[in-house]
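Presented below is the structure to which this report refers.
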Amino acid sequence: MSVKDEIKEYIAGQPEAKRSDMQELHRIIQGIMPECKLWFLDGKDDKGKTVSNPNIGYGLQTIKYAGGKTREFYQIGLSANTTGISVYIMGIEDKKYLANTYGKKLGKASVTGYCIKFKSLKDINIDILEAAIRDGVEQSGTKSDHR
């Protein structure tokens, strides 16, 4: 199955309200990053054990670890969780940046390190979320159109 098909299936499998919100977020993120690499992580480790919620990734960046190793990973992530939706903005060095810059303006959302979590789109200011995503893409170092 292609990544695009996995993403469609994942979104389609969500309850209605969350499904509509995730479709809209998917559209918004692809509008911000139209030529980006798409990822789908099913939340399972190498042994098939579930270790996280499945998530959709957008873009490409290289993460550098302390030991000198590197790994390619997405810049923006989208995931359903038990209480709503999480948007991950990867690659921002300052772990307080998102909360300090966008936290109060977002609406009913919790903002930690690189994660913005909310119940539904109607609870947040979508323009502010878009600004945070654009900011994250710029800060992550690799432009969104690299494949």
Sequence neighbours left out, what pairs pass side-chain hydrogen bond (donor to acceptor under 3.5 Å, both in side chains) with at least one residue falling in residues 42-51?
none
Residue pairs meeting side-chain hydrogen bond (donor to acceptor under 3.5 Å, both in side chains), one or both in residues 103-115, sequence neighbours left out, come to none
So how far is it from Gln23 CD to Ile28 CD1, rounded to the nearest 0.5 Å?
12.0 Å
Main chain of Gln14, side chain of Arg19: is a donor-acceptor contact present, judged purely on distance under 3.5 Å?
yes
Look at the side chain of Tyr88 and the backbone N and O of Ser79, then say whether any donor-acceptor pair between them is shorter than 3.5 Å.
no
Sub-4.5 Å side-chain heavy-atom contact between [X] and [Y]:
X: Tyr74; Y: Leu41; answer: yes
X: Phe40; Y: Glu9; answer: no
X: Asn55; Y: Leu78; answer: no

For Asn100, check side-chain contact (heavy atoms from CB on, under 4.5 Å) against everything at least two apart and list the hits.
Lys96
Tell me, please, which residues at least two apart from Asn81 pass side-chain contact (heavy atoms from CB on, under 4.5 Å).
Asn53, Thr83, Ser86, Lys117
Any ring-ring contact (aromatic ring centres under 6.0 Å, His included) involving residues 41-70? Give me the pairs, sequence neighbours left out, ordered by first then second residue.
His26-Tyr58
Just wondering, are more than 12 heavy atoms of other shown residues or ligands nearer than 6.0 Å to NZ in Lys119?
no
What residues, two or more places apart in sequence or in another chain, satisfy side chain to side chain donor-acceptor pair (under 3.5 Å) together with Thr82?
none
